[in-house]
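A quick note: this is a predicted structure, and the numbers were derived from the prediction, not measured.
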Amino acid sequence: MGQPGATNTLTYQLHGAPHEFALTGDSVRLGRAEDSELVLPAETQGVSRRHATLVWEGGKWVVVDNNSTNGTFLNGRRITREPLTNGDLLEVGVIRFTYHDLRPPSIEEDVQITDSGSAKGSIFMEPAEMERLLGGLVDSLPGAGAVCYGEVQFQRAREVEFRGDQTTPQDRDGRIGLNMFTQVGKALLSTADLNTMFERILELALKNVPAQRGVICLFDEATGRVKPSCFRSSSGESRKMRISRTVINATLQMRRALLVADAGVDSRFAEAASFKALAIQSAMCVPLICSGKILGLIYVDTANRLKPFDDVHLEVLTGLAMFSAVALEQARLRDEVAREQKIRAKLSRYHSPAVVDQICSFATGGAAAGEMLAEERNVTVVFSDLSGFTAASEKLAPPDVVKMLNRLFTRLAAAVFSYGGTLDKFMGDGMLAFFGAPLHYPDHQERAVRAALMMQQSVAELNADVPPEQKILVRIGINSGPAVVGEMGSADRHDYTVIGDTVNLASRLESSVAKPGQIVLGPLMGEPLAHLFHLVKLSAVKVKGKELPVEPWLVMGARDENRTASSTSLPKP
């Protein structure tokens with residue numbers, strides 16, 4: 001594929017002024033270095049000297065991070081190497097670039113295409129003309145009050161007279177057959193499978209217009225790719241279909257329905273390989289548009305010179321295109337709902353409903369919650385262990401042991417969720433949680449300690465209702481610092497978890513330092529939290545995995561005691 005030209009650009013704001021940079025050549029270096037093709041000011045925050053490089057590979061631009069200090073982000077996700085698509089948001093330090101690919105749409109290889117000139121003798125249906133022809137059609141759409149088709153909004157308009165029970169448009173005196181649209185409306189309501197729906201629409205198209213072949217294609221505006229989804233012919237053949245590039249591109253670029261009434265009157269169409277090889281007499285192409293976005297197109301043609309297409313046939317195909325667009329939008333919404341349900345099911349294992357809602361709002365159309373890739377973050381880790389549970393459980397029947405454990409963990413998890421924490425896992429009668437990921441809070445240390453105090457209070461409330469021999473105490477170890485957070489595990493099973501030295505020390509503080517009923521903090525947490533909590537510095541202690549002794553802190557309580565019992569004391573996560 002040839003070299004890129006000015007059809008690929010980056011737009012951005014610098015010092016309040018808009019800028020545009022044309023991507024040309026084989027590569028573009030981006031950074032503060034003076035030899036970069038795109039030089040950013042030396043004072044720009046977060047930008048390295050040779051921050052990133054854009055490379056032209058395989059017909060597209062690929063952004064490569066050059067091990068920059070602060071990283072390169074694409075659509076909010078840190079990347080090392082990623083291809084760009086139209087509309088992508090590229091972040092380098094504090095500067096945000098928008099990538100624009102203005103190349104004309106292309107066709108998937110499995111749709112054979114040929115070049116043919118402009119459509120002389122062809123007819124474009126303007127949006128206003130679409131509205132005229134489709135007036136009253138929306139009444140046939142079950143449950144539809146107003147449907148957006150391109151720039152035109154078709155609303156309940158006027159009564160349309162239907163004469164007789166004829167089955168072809170020519171016999172309807174220019175009117176659209178109610179029976180056909182009733183059938184496709186029923187199919188739209190009863191068919192969940194998109195391919196089945198498209199097959200039904202093409203079947204109705206070939207039945208109601210004198211077309212010999214038809215195809216419905218999907219279109220990706222970001223990449224400009226057209227991909228066939230369903231093909232039908234009156235003869236039953238299933239081989240590949242050759243389509244005129246001019247017809248397809250004109251339909252997509254002009255966002256209008258196109259009728260080639262007589263290809264023979266235009267020598268360029270007559271000589272085009274696709275028209276000539278198949279002796280195509282007439283062709284029609286209509287975009288599938290919903291909410292102003294082109295989702296695909298429906299194309300039909302015929303070689304029958306005695307029955308060429310006219311504007312009434314275009315009227316019918318445009319109506320079917322509207323139903324096809326609705327079917328596509330329904331499929332998109334179903335996929336979106338299924339995706340969000342999957343994300344919510346995964347996230348609800350770790351987070352409170354409020355945090356799940358927030359993550360899902362960030363992840364719309366992105367990979368933030370779908371993948372939750374491992375990365376280094378500053379977090380606060382909390383280990384808790386139930387002291388006295390083993391002795392208490394020996395006096396209970398197994399069902400009662402499970403019941404008691406569930407009551408305890410429900411209270412402990414609620415404390416974590418109240419302060420926006422992430423529940424990592426339960427381990428026997430212990431629990432691991434962390435604060436500061438996947439959503440970042442600058443006060444994650446404070447949140448963790450207040451959650452721990454709430455755990456102690458919750459356990460004390462449970463102890464008030466049980467015999468003395470069944471009372472439980474909680475040991476809690478908390479440490480803060482850098483750790484690797486993300487989804488980890490095998491190809492078959494992975495969990496969102498946290499690992500690293502920060503985690504190990506929190507575990508040692510819980511198991512080796514904290515006594516039943518105590519909350520012990522890591523050595524670096526005392527000074528930042530001293531104004532919020534009553535803390536006592538403990539003697540240096542040697543813990544496993546550390547060469548030097550550590551000096552932990554003991555939490556005696558909150559300085560503002562009324563804040564420990566309510567999640568409203570801190571900003572909502």
Side-chain angles (χ1 to χ4, degrees), residues 105 107-108 111 125 127 130-131 133-134 136-144 146-154 169 176-209 211 213-221 225-233 241 243 247-248 250-252 254-259 283-301 309 312-336:
I107 308 298
E108 285 286 310
V111 176
M125 183 182 287
M130 284 187 183
E131 184 175 19
L133 290 174
L134 284 171
L137 245 185
V138 175
D139 289 344
S140 302
L141 257 178
V147 178
C148 288
Y149 197 87
E151 300 175 356
V152 181
Q153 186 180 57
F154 298 104
I176 299 176
L178 177 62
N179 181 57
M180 181 188 72
F181 289 109
T182 300
Q183 291 182 56
V184 75
K186 290 179 179 178
L188 188 64
L189 290 176
S190 61
T191 305
D193 180 68
L194 191 60
N195 287 333
T196 302
M197 180 67 195
F198 283 166
E199 288 176 0
R200 180 60 177 153
I201 288 174
L202 284 181
E203 178 185 338
L204 288 169
L206 267 61
K207 182 178 179 181
N208 288 274
V209 301
R213 306 181 311 152
V215 63
I216 294 179
C217 298
L218 304 181
F219 176 63
D220 185 346
E221 281 190 316
R225 305 288 285 178
V226 176
K227 185 176 181 179
S229 177
C230 183
F231 168 77
R232 262 188 178 273
S233 71
M241 185 172 178
I243 304 174
V247 171
I248 297 297
T251 301
L252 295 175
M254 301 300 292
R255 304 172 69 87
R256 300 172 182 172
L258 173 63
L259 166 63
M284 294 187 293
C285 190
V286 182
L288 313 181
I289 303 179
C290 190
S291 301
K293 183 177 181 181
I294 298 180
L295 306 178
L297 55 89
I298 179 170
Y299 170 94
V300 296
D301 62 26
F309 298 146
V312 177
H313 301 128
L314 188 62
E315 175 184 353
V316 174
L317 195 67
T318 301
L320 289 172
M322 183 178 70
F323 281 98
S324 301
V326 172
L328 270 172
E329 182 66 6
Q330 280 190 345
R332 185 192 66 79
L333 292 174
R334 284 196 300 269
D335 291 344
E336 187 175 296

Roughly how far apart are [X] [atom1] and [Y] [atom2], rounded to 0.5 Å?
{"X": "Arg200", "Y": "Met197", "atom1": "CZ", "atom2": "CE", "result": "9.0 Å"}
{"X": "Ile201", "Y": "Ile298", "atom1": "CD1", "atom2": "CD1", "result": "6.5 Å"}
{"X": "Phe323", "Y": "Phe198", "atom1": "CZ", "atom2": "CZ", "result": "13.5 Å"}
{"X": "Cys230", "Y": "Leu202", "atom1": "SG", "atom2": "CG", "result": "4.5 Å"}
{"X": "Met322", "Y": "Ile289", "atom1": "CE", "atom2": "CD1", "result": "12.5 Å"}

(request) Determine whether Leu314 and Phe309 make a side-chain contact, defined as any pair of heavy atoms from C-beta on separated by less than 4.5 Å. (result)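 Heavy-atom side-chain distance check fails, nothing below 4.5 Å.
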(message) Would you say that Leu295 contacts Lys293 through its side chain, given a criterion of any heavy-atom pair below 4.5 Å between the two side chains?
(response)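 The answer is yes, as the side chains (C-beta and beyond) meet within the 4.5 Å cut-off.
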For [X] and [Y], work out which heavy atoms get closest and say how close.
{"X": "Cys217", "Y": "Pro228", "value": "SG-CA, 3.8 Å"}
{"X": "Leu206", "Y": "Gly214", "value": "CD1-N, 4.2 Å"}
{"X": "Glu203", "Y": "Arg232", "value": "N-CD, 3.8 Å"}

(message) Assess the residue pair Arg225 and Asp220 against the criterion (salt bridge (charged side-chain N to carboxylate O under 4.0 Å, His left out)); give the C-alpha distance rounded to whole Å, side-chain angles, the decisive distance to 0.1 Å, and a yes or no.
(response) CA-CA 5 Å; Arg225 305 288 285 178; Asp220 185 346; over 6 Å; no
(message) Determine whether Arg256 and Leu258 satisfy the following criterion, side-chain contact (heavy atoms from CB on, under 4.5 Å), listing intermediate values before the conclusion.
(response) CA-CA 6 Å; Arg256 300 172 182 172; Leu258 173 63; over 6 Å; no
(request) Apply the side chain to side chain contact (heavy atoms under 4.5 Å, CB included) test between His313 and each candidate in Val300, Leu259, Val209; give the one that qualifies. (result)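 Checked Val300, Leu259, Val209 against His313; only one passes side chain to side chain contact (heavy atoms under 4.5 Å, CB included): Val209.
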(message) If the test is side chain to side chain contact (heavy atoms under 4.5 Å, CB included), which one of Leu218, Ile216, Val286, Ile248 qualifies with Leu297?
(response) Ile248
(message) Test side-chain contact (heavy atoms from CB on, under 4.5 Å) on Met284 and Asp301; report intermediate values, then the result.
(response) CA-CA 6 Å; Met284 294 187 293; Asp301 62 26; over 6 Å; no
(request) Begin from the C-alpha positions of Tyr299 and Val247 and carry the test side-chain contact (heavy atoms from CB on, under 4.5 Å) through to its verdict. (result) CA-CA 9 Å; Tyr299 170 94; Val247 171; 4.0 Å; yes
